[in-house]
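All remarks here apply to the structure that follows.
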Amino acid sequence: MPRFLRTAYGVYALVIFLLTATITAGLLAVLPGEQRRRRAGQRAMRLALGLIGVRIRTSGVDALPRTPAVCVCNHSSQLDGLILFALLPPRYTFVVRSESRRTPLFGFLLTRVGVIWMDRADARSGSRTIRALIRQLDAGRSVAMFPEGTIRPEPGLLPFKIGAFLLASKAQVPLVPMVMRGTRTLFPDRARLPMHSHIDARVLSPLRADGSKRANARDLLSTTRGQMLALCGEPDGAPA
């Protein structure tokens with residue numbers, strides 16, 4: 001695609017996202033009920049992706065466990081959270097770094113759909129977040145997390161943090177790996193404008209920890225990361 005067309009598409013896509021977010025924020029400000037707000041937000045995100053010509057091909061989403069579970073997904077784009085939010089059922093609660101709360105407009109939207117904030121600068125925040133998420137699971141809800149914890153412009157599956165795997169092992173619920181491809185092209189880290197891309201999203205078979213100890217969580221992490229690395233289409237970004 002010529003450069004001027006890429007720029008024109010990027011500006012168009014960014015305007016669509018901002019307009020959709022603005023209209024959705026007004027709706028979520030008055031819409032009662034967290035589940036209703038989540039469903040409305042999901043429809044808005046799907047509409048925005050459709051308007052910019054992004055096709056999402058999914059596999060296995062309908063086979064997600066009906067019982068409480070922890071879903072983990074690779075993280076390569078500024079839009080991953082919104083795309084995953086649009087794909088997963090509204091019973092899934094997302095863990096989001098607390099810095100995003102200060103982002104104009106999107107911080108408000110995330111608050112209204114009931115995300116759980118985690119302060120990465122607070123050493124005690126991780127344990128508090130785990131306890132809050134266990135309460136979510138005990139209440140029959142599910143949780144979605146990005147175990148890499150951050151994104152980089154360069155392709156590569158980054159090392160996984162252990163939090164999601166500790167949560168699944170302590171709560172003894174299924175851990176569901178999910179792999180998305182194409183989002184890095186759509187809106188990579190540090191990019192100013194989106195680029196056109198289609199997305200493949202594949203839900204893998206649920207896994208379970210053999211016990212509730214930290215060693216069991218580490219084993220679960222290793223198995224999960226191996227499966228996701230084999231399917232994400234990117235190199236291993238972990239240090240040798």
Side-chain angles (χ1 to χ4, degrees), residues 9-64 69-97 99-117 136 141-146 148 150-151 176 178-189 191-203:
Y9 173 83
V11 171
Y12 166 74
L14 190 61
V15 168
I16 289 295
F17 280 128
L18 291 176
L19 281 175
T20 303
T22 302
I23 295 170
T24 304
L27 176 62
L28 299 192
V30 297
L31 192 64
E34 188 176 274
Q35 293 296 301
R36 286 184 181 179
R37 292 194 291 270
R38 289 183 181 181
R39 284 192 287 269
Q42 288 178 319
R43 286 193 288 268
M45 184 61 192
R46 292 179 195 136
L47 174 63
L49 291 170
L51 289 173
I52 67 171
V54 173
R55 183 180 70 248
I56 303 180
R57 183 170 58 188
T58 61
S59 172
V61 174
D62 293 338
L64 283 164
V70 177
C71 178
V72 294
C73 186
N74 59 311
H75 198 8
S76 57
S77 162
Q78 299 181 63
L79 292 177
D80 284 345
L82 294 175
I83 294 170
L84 190 60
F85 171 71
L87 293 177
L88 292 177
R91 65 179 179 272
Y92 277 83
T93 297
F94 284 73
V95 181
V96 182
R97 58 187 184 183
E99 302 97 288
S100 299
R101 179 182 276 178
R102 297 188 292 271
T103 304
L105 189 59
F106 288 99
F108 173 79
L109 289 169
L110 292 170
T111 299
R112 291 297 287 169
V113 298
V115 304
I116 292 181
W117 302 103
Q136 292 280 322
R141 303 183 185 95
S142 294
V143 173
M145 302 176 72
F146 293 106
E148 292 166 275
T150 188
I151 56 174
V176 185
M178 184 172 179
V179 175
M180 289 198 296
R181 300 179 61 164
T183 62
R184 190 182 297 278
T185 301
L186 181 63
F187 206 177
D189 186 30
R192 295 184 177 181
L193 295 173
M195 293 180 60
H196 186 264
S197 176
H198 295 304
I199 298 168
D200 288 310
R202 179 176 177 182
V203 177

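One distance of note links CG of L49 with CG of L79; it measures 7.5 Å at 0.5 Å rounding. Annotation: the span from F17 atom CZ to I52 atom CD1 amounts to 3.5 Å, rounded to 0.5 Å. Separation of atoms CZ (R101) and OG1 (T103) is listed at 11.5 Å; rounding is to 0.5 Å. Taking CZ of R202 as the start and CE of M178 as the end, the distance is 12.0 Å to the nearest 0.5 Å. The OG1 atom of T93 lies 5.5 Å from the CD1 atom of I116; values are rounded to the nearest 0.5 Å. We find the CD1-CD1 distance between I199 and I83 to be 3.5 Å, quoted to the nearest 0.5 Å.
At least one side-chain heavy atom of T24 sits less than 4.5 Å from a side-chain heavy atom of L109. Taking 4.5 Å as the limit, some side-chain heavy atom of L64 sits within range of a side-chain heavy atom of P89. With contacts defined as side-chain heavy-atom distances shorter than 4.5 Å, the pair P90/Q42 qualifies. Proximity of C73 to M180: side-chain heavy atoms (C-beta onward) are separated by under 4.5 Å at one or more points. A 4.5 Å side-chain heavy-atom check between V176 and V70 finds every atom pair outside the cut-off. Under the 4.5 Å side-chain criterion, counting only non-hydrogen atoms from C-beta, V115 is not in contact with F85. Side-chain atoms of V11 and L193, non-hydrogen and from C-beta on, do get closer than 4.5 Å to each other. Residues V72 and F146 fail the side-chain proximity criterion, which asks for heavy atoms closer than 4.5 Å.
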task = Take M195 and L186 through the test side-chain contact (heavy atoms from CB on, under 4.5 Å) and record every step on the way to the result.
result = CA-CA 5 Å; M195 293 180 60; L186 181 63; over 6 Å; no
Verdict with supporting geometry, T150 and H75, side-chain contact (heavy atoms from CB on, under 4.5 Å) = CA-CA 7 Å; T150 188; H75 198 8; 5.9 Å; no
inquiry  = L110 vs F94, test: side-chain contact (heavy atoms from CB on, under 4.5 Å). Steps then yes/no.
reply    = CA-CA 9 Å; L110 292 170; F94 284 73; over 6 Å; no
task = Starting from the C-alpha separation in whole Å, work towards a yes-or-no answer on side-chain contact (heavy atoms from CB on, under 4.5 Å) for V143 and Y92.
result = CA-CA 5 Å; V143 173; Y92 277 83; 5.7 Å; no
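A40 approaches L27 most closely through the heavy-atom pair CB-CD2, 4.0 Å. Pairing each heavy atom of F108 with each of A29, the nearest pair is CZ-CB, 3.8 Å. Of all heavy-atom pairs between F187 and S77, the closest is O-OG, 3.0 Å. Scanning all heavy atoms of the two residues, the minimum distance from L88 to A144 falls at CD1-CB, 3.7 Å. P194 and Y9 make their closest contact through O-CD2, 4.1 Å (heavy atoms, listed as atom of the first residue, atom of the second, distance). Heavy-atom minimum distance, R112 versus L31: NH2-O, 3.6 Å.
Under the 3.5 Å distance criterion, the side-chain polar atoms of H196 are matched with a main-chain donor or acceptor of G53. Of the possible donor and acceptor atoms, one in the side chain of T20 sits under 3.5 Å from a partner among the backbone N and O of I16. Not one N or O on the side chain of Q136 forms a donor-acceptor pair closer than 3.5 Å with the backbone of R141.
Dense packing is recorded around CZ of R91, with more than 12 heavy atoms of other residues, nucleotides or ligands lying under 6.0 Å away.
The list of salt bridge (Lys or Arg N to Asp or Glu O under 4.0 Å) pairs with a residue in residues 178-188, not counting sequence neighbours, reads R184-E234. For residues 36-55, the salt bridge (Lys or Arg N to Asp or Glu O under 4.0 Å) pairs, not counting sequence neighbours, are E34-R38.
Each of D189, T183, T185 was evaluated against S76; a single residue qualifies, T183, per the side chain to side chain donor-acceptor pair (under 3.5 Å) test.
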